[in-house]
Every structure is written in C-alpha cells, then in structure tokens.
Amino acid sequence: MSSRPTTLAGAGYGPTNGDIARFTDKYFVRTKEVVERYGDVRVTYAVFMRRPVLFAPRLALDWLARIMAERGIAIELDLRFQEGDWVGAGEPMLYLTGPFAGLVDLETILLQRLGPCCVAAFNAYNMCTDLPKVGFLAMDARHCAGAEMGEMMAYAASVGSAEARRRAGAVGFIGNAVDATAHFFGRDEGTGTMPHALIGYAGSTVRAAEMFHETFPDQPLTVLVDYFGQEISDSLAVCARFPELAASGRLSVRLDTHGGRFVEDLDTAESYAVLDRHVPDAIRTYRTHEELRWLTGTGVSAAAIWHVRERLDQAGYPRVRIVASSGFSPQKCKLMASVRAPIDVVGTGSYLPDQWTETYATADVIAYDGEYRVKVGREFLFPNKAKPKR
C-alpha cells in the first residue's frame, strides 16, 4: 500500500479563477461588481449545514487555497472542527474572513465541494460502525455525475472510514473500484475482478473465473455467481475448480442478485427457515415492510447470505469469503448487522446521499469590518462573544 499523498488530486478540480464567473450564481458576480465600485470591506462568513454530518472539508479548502493564491488574497480560516468530527445541525463548521470582493463569488463552488462530502462521510461512517468486522469496497463511481463528484465521494468514504476505525475499531473501507481515487484508501490502484459482462462473454461462471485467474494469477479471485441464477451451484463449481484458492482464503463469491428474483433454492418460506436455523431472533420481532424485504425477500437478502454461507460450509469451503452488493445503504447495513449476516466485504455505492437536498451547505456573512450583522433568525451563527449590532 502507498501512503496518502500530501497534495490531494482534488486541488486540481473545480473552476479556475478565470472560469469562476461562469459557474457561480449571477447575483454573487453582480455583488462583486457593486462592492468593487462602492468600496471593499472585510467580511466574515459562517458556513453550516441543516443536518448532522461528519466534517469533510479538505477538497473544498484545497480549491479555496488555490483560488486565493491565484488572486493574491490573504484570508483567515477558523475551522471549528477537525476532519472526521461530528457536527450538529446548524453548528458553524468554519468561519472565513477576508475581502468581500475577493470572496463573494466563491460561495457557490465552495459549498458544492463541501456539503455532499460531509453527508457522504456521515453515511460511510455509520455503515462501517454498524458492520465493524466487514470490509467495504467503494463502488460509487458509476453513480456519480462525473469525475469531480467521484473524487468527492471517494474522499468522503475515506473520511468516514477513518473515523469508524478510530472510534469503533472498524475494518472500514479497504479500497475502491477506480485508480484515480485509490490513494484515498492508501492504495495505488482500484480493486475489483469482473463485471457480469465477463460472465456472458465466457459463457459460464467457471470459465470466466478461469480466464481471470489465468490473466491475473497473483490476484485474489472474486467471482460473480448470480449471472445464471445459480448462486449455489456456480459457487460450489468455482470452489471445486480452485480448491487451493478456496482453502487459502483467496477466493470470494460475490452476490449481486437483483430484486426481481430469489437466490437459487430460496423462496419466502425457505428464507424464513434459513433465518430460523441461524438467527431465530431476527424474525421474532417487529420489522417494517422494508426490513422484511431485506430479511427474506428477493435479491441479496439476509437469508440469501446465510444460505450461501451455510452451503459453502457444508461443502467444506469455510474459508471462501462472501462479498455482498446491490443496494447496501446505511439502512440495509444496519439491518444486516442486527441479524449478524456473515458478510466479509460489502461492495457499495449507496453511501452516496440519498436525498440531495440534505447535502446543501449554507454560508452567511455575519460581520462587516468587524461589526456583526446577519439576517434575522441566523444570530446563532455568531461566535459566542460576538455582539450583534442593528
């Protein structure tokens, strides 16, 4: 593994100084022109969010530092939290002080690069702490709106993961799926083996596994087993084909069964029976409709995971690992934790914020040349000793 670079790749993303006017809200651009005409003042911004988050500011601050350097402007930055700290709803995360004309047109982009990271870090942290013995693989890139968002989300996962390791001793995120952001997880390249398309190309699950292993003999082997709807049969066939990998713990089967069908050999009744054998308490308490679906429904349910583990163990493959993917959100992870689902690794992109409105960060100017002033109702943003004037 490589060490984390001192300069994040994110410092190169975001509009350049010359492009800011094209990508920021027009009223900020016009305000800049007004202030430049009538005289600049030194202002202080307070930045906050309306929901609890984990503080993940570095990509935003890297961009801000680059723009300030290009503009030749000195600013004062008062960070009220360390990276990874829990921040409550409405708490100022940071105060930013500098010339109004030099800062006013940066608000749009600064907030874009801050809010989503903080919410995704919060989600990643909760998933990792709910399943502390499970490794997570960030597979969010395909769900992101471009490379810039992909970097923001990978960074966020690394922040939430690091905090989960620190606070709960969790395994956390062990890697991600793309090379460009692998450094956030201490790696030189992305992690992964095969998509469903390789199974289709090979014509069988076993043949796809053979092709991959022959091409990358030194790589651990993770095989998708849901392509033909034969999760059990294909898992056992792959294990039989690679007994040494199975015995050494270098073979994993990945469940990615979609919600349109049950895993092989399961239906609703058999799903209940599987859980009754392994975690009877899981089905003898109140569950919501969604929780019941994750427990005993179609797709990658808790019953499906227990079923695959049971059959692998019965066949003499206790060291073959199970990778689970398909809709593993914070809520689904919490459910899986409650039933002690035997998952070794979760592949997820679902730590991304589910409701984008939750990612909105807000900045208000709270002081002009040292005189505290803010719109009515936002006085809570003042530092403790500030005395507002009207």
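No experiment lies behind these values; they were computed from the predicted model shown. Each residue takes its place number in the sequence, starting with 1.
- The shortest distance between side-chain heavy atoms of V134 and M127 does not fall below 4.5 Å.
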Could you give me the CA-CA distance, side-chain angles and deciding distance for V274 and L266, then say whether side-chain contact (heavy atoms from CB on, under 4.5 Å) is met? CA-CA 9 Å; V274 168; L266 289 185; 4.0 Å; yes

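- A donor-acceptor pair is defined here as one N or O able to donate and one able to accept, closer than 3.5 Å; no such pair exists between the side chain of Y45 and the backbone of G98.
- With hydrogens and angles ignored, the 3.5 Å screen pairs no side-chain donor or acceptor of N176 with any backbone N or O of A138.
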In sequence, state the C-alpha distance, the side-chain angles, and the governing distance for E291 and S338, and then conclude on side-chain contact (heavy atoms from CB on, under 4.5 Å). CA-CA 11 Å; E291 288 173 334; S338 76; over 6 Å; no

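- The closest side-chain heavy-atom distance from F122 to Y351 is not below 4.5 Å.
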Show your working on side-chain contact (heavy atoms from CB on, under 4.5 Å) between I109 and I67 and close with a plain yes or no. CA-CA 11 Å; I109 300 157; I67 298 302; over 6 Å; no

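- The CG atom of L381 sits 6.5 Å away from atom CD1 of I366, with the distance rounded to the nearest 0.5 Å.
- Ion pairing of R261 with E231 is present here, as a side-chain N (NZ or NE/NH1/NH2) and a carboxylate O approach within less than 4.0 Å.
- Grouping the Ile, Leu, Val, Met, Phe, Trp and Tyr side chains by contacts below 4.5 angstrom, directly or via other members, places F262 with L275.
- Within the 3.5 Å criterion, the main-chain N or O of N17 finds no donor-acceptor partner in the side chain of R66.
- Considering all non-hydrogen atoms of both residues, I232 and E264 come closest at N-OE1, 2.8 Å.
- Of the N and O atoms on the side chains of E290 and T288, not one donor lies less than 3.5 Å from an acceptor on the other residue.
- Aromatic ring centroids of F328 and F136 lie 6.0 Å or more apart.
- For the pair R167 and Y125, the distance from NZ or CZ to the six-membered ring centre is under 6.0 Å and the angle to the ring normal is within 45 degrees.
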Checking salt bridge (charged side-chain N to carboxylate O under 4.0 Å, His left out) for the pair R42/E76: CA distance, chi angles, key distance, verdict? CA-CA 11 Å; R42 192 165 180 81; E76 296 176 20; 3.2 Å; yes

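- Two residues are said to be in side-chain contact when any heavy atoms from C-beta on lie closer than 4.5 Å; F173 and T348 meet this criterion.
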Would D354 and Q331 count as a side-chain contact (heavy atoms from CB on, under 4.5 Å) here? Give the steps. CA-CA 11 Å; D354 185 49; Q331 295 80 13; over 6 Å; no

Result block: side-chain N/O donor-acceptor pairs under 3.5 angstrom for residues 219-229, not counting sequence neighbours:
| from | atom 1 | to | atom 2 | distance (Å) |
| --- | --- | --- | --- | --- |
| D226 | OD1 | H196 | NE2 | 3.2 |
| D226 | OD1 | D256 | N | 3.4 |
| D226 | OD2 | H196 | NE2 | 2.9 |

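- The closest donor-acceptor contact from the side chain of T24 to the backbone of A21 lies at 3.5 Å or more, if one exists at all.
- The same ILVMFWY cluster, assembled from side-chain heavy atoms under 4.5 Å apart, contains both V47 and V87.
- Counted within 6.0 Å of CZ on R277, heavy atoms from surrounding residues, nucleotides or ligands total more than 12; the atom is thus considered enclosed.
- Put simply, CD on E83 and SG on C117 are 10.0 Å apart, with the number rounded to the nearest 0.5 Å.
- Judged by distance alone, the side chain of D130 and the main-chain N or O of A337 form no donor-acceptor pair under 3.5 Å.
- The residues E33 and R37 are annotated as not salt-bridged, no charged nitrogen and carboxylate oxygen being separated by less than 4.0 angstrom.
- When all heavy atoms of L312 and C239 are compared, the pair lying nearest together is CD2-SG, 3.9 Å.
- Of all the heavy atoms in E379 and K375, the pair that sits closest is OE2-O, 4.1 Å.
- In this structure, R340 and D281 have side chains that are in contact, with non-hydrogen atoms separated by less than 4.5 Å.
- In this structure, OG1 in T44 is found 9.5 Å from OH in Y95, a value given to the nearest 0.5 Å.
- Under a hydrophobic clustering in which Ile, Leu, Val, Met, Phe, Trp and Tyr are joined whenever their side-chain heavy atoms come within less than 4.5 Å, directly or via other members, V320 and W306 fall into different clusters.
- For the pairing with D105, the salt bridge (Lys or Arg N to Asp or Glu O under 4.0 Å) check across K26, R71, R30 returns one residue only, R71.
- Within the 4.5 Å cutoff, side-chain heavy atoms of E91 are placed close to those of F81.
- Here S235 contributes atom OG and L255 contributes atom CG; the two are 6.5 Å apart, rounded to the nearest 0.5 Å.
- Side-chain contact between M93 and V53 is present, with at least one heavy-atom pair separated by less than 4.5 Å.
- The environment of CD in E244 is sparse: at most 12 heavy-atom neighbours from other residues, nucleotides or ligands sit within 6.0 Å.
- With hydrogens and angles ignored, the 3.5 Å screen pairs a side-chain donor or acceptor of D179 with a backbone N or O of G190.
- Note on I199 and F216: same hydrophobic cluster, where clusters join Ile, Leu, Val, Met, Phe, Trp and Tyr whose side-chain heavy atoms are under 4.5 Å apart, directly or indirectly.
- Using a 4.5 Å heavy-atom threshold, the side chains of P353 and M153 count as touching.
- When all heavy atoms of Y372 and P383 are compared, the closest pair comes out as CE2-CD, 3.7 Å.
- In the hydrophobic cluster analysis, where Ile, Leu, Val, Met, Phe, Trp and Tyr join through side-chain heavy atoms closer than 4.5 angstrom, V279 is grouped together with L295.
- Looking only at distances, no side-chain donor or acceptor of T257 sits under 3.5 Å from a matching main-chain atom of V263.
- Heavy atoms from other residues, nucleotides or ligands lying under 6.0 Å from CD of E214 number more than 12.
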List the steps and the verdict of salt bridge (charged side-chain N to carboxylate O under 4.0 Å, His left out) for E148 and R113. CA-CA 9 Å; E148 188 169 357; R113 300 177 65 75; 2.4 Å; yes

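- Within the 3.5 Å criterion, the main-chain N or O of T16 finds no donor-acceptor partner in the side chain of D19.
- Side-chain contact between M149 and P116 is absent, with no heavy atoms from C-beta onward closer than 4.5 Å.
- Using bins of under 30°, 30° to 60° and over 60° for the plane-to-plane angle, the ring pair F242/H213 lands in the perpendicular bin.
- Distance NE2/H307 to CZ/R309: 13.0 Å, rounded to 0.5 Å.
- At distances below 3.5 Å, not a single donor-acceptor pair connects side-chain atoms of S301 with backbone N or O atoms of T298.
- The two atoms that bring L111 and A361 nearest to each other are CD1-O, 3.2 Å, heavy atoms only.
- The structure places CZ of R319 at 9.5 Å from CZ of R321, a figure rounded to the nearest 0.5 Å.
- When all heavy atoms of C128 and S161 are compared, the closest pair comes out as SG-CA, 4.3 Å.
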